[in-house]
Amino acid sequence: MAHWLLKTEPEAFSLDDLKARGQEPWDGIRNYQARNFLRQMRRGDEVFIYHSRVATPAIVGLGRIVTEAHPDPTQFDPQSHYYDAASRPDAPRWDLVDIAYLAHCQPPVSLETLREMPEFADNPLVRKGNRLSIVPISESEWQAVLARVTLV
DNA sequence: GCCAACGTTGGC
DNA sequence: GCCAACGTTGGC
């Protein structure tokens, strides 16, 4: 089973929102590298949910892939913020996966903490200027984070 | 809210 | 196919 980290801005969609809804289409991915990771996700893969653009960016919880990549309908919706006029219905450019809520991490594992963890030394997440919204997580990275938290 | 870093677009 | 201009991300 592979692991991933998904960034979200909690002001737009938070882990609490995911918990309240139970599951959610992870739409709006408009970056080719992130999309290619989306397409590698398999049903059952577990993911870290990460809050970005907040005072303390951090891994705040866990989710699970419940539906593998399929076309993101917002790309065809002119009213959507994520509309892409160049994407053709017969060759959709952008995909989404459905994510189910699993748990909150207690305490959250902050970016500052991740930077101090040797397991994360090579992870793009801790590199300056990183803008990838989906980051692959190795087994040792996954285990190192879980060792620091209680799942609630 | 600022702005560095980065990805994408489009003129040539 | 280069690269300047532009738009966006995300830490701070």
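Below, read A as the first sequence line, B as the second, and so on, with proteins coming before strands; counting in each chain starts at 1.
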Legend entry - No-hydrogen, no-angle side-chain donor-acceptor test under 3.5 Å, A:R30 and A:T74: yes
Legend entry - Within 6.0 angstrom of A:E139 CD, more than 12 heavy atoms from elsewhere: yes
Inset, instruction - For each nucleotide in nucleotides 7-12 of chain C, reading 5' to 3', give B when a protein heavy atom comes within less than 4.0 Å of its base, S when such contact involves only the sugar-phosphate, and - otherwise. - result: BBBBBS
Inset, instruction - Between A:K128 and A:R93, name the one whose nearest nucleotide on DNA chain B is closer to the 5' end. - result: A:K128
Inset, instruction - Report yes if the distance between the aromatic ring centroids of A:Y82 and A:W94 is under 6.0 Å, otherwise no. - result: no
Legend entry - Under-4.0 Å salt bridge between A:E46 and A:R64: yes
Inset, instruction - Return the set of residues passing salt bridge (charged side-chain N to carboxylate O under 4.0 Å, His left out) with A:R39 (not counting sequence neighbours), or none when no residue passes. - result: A:D95
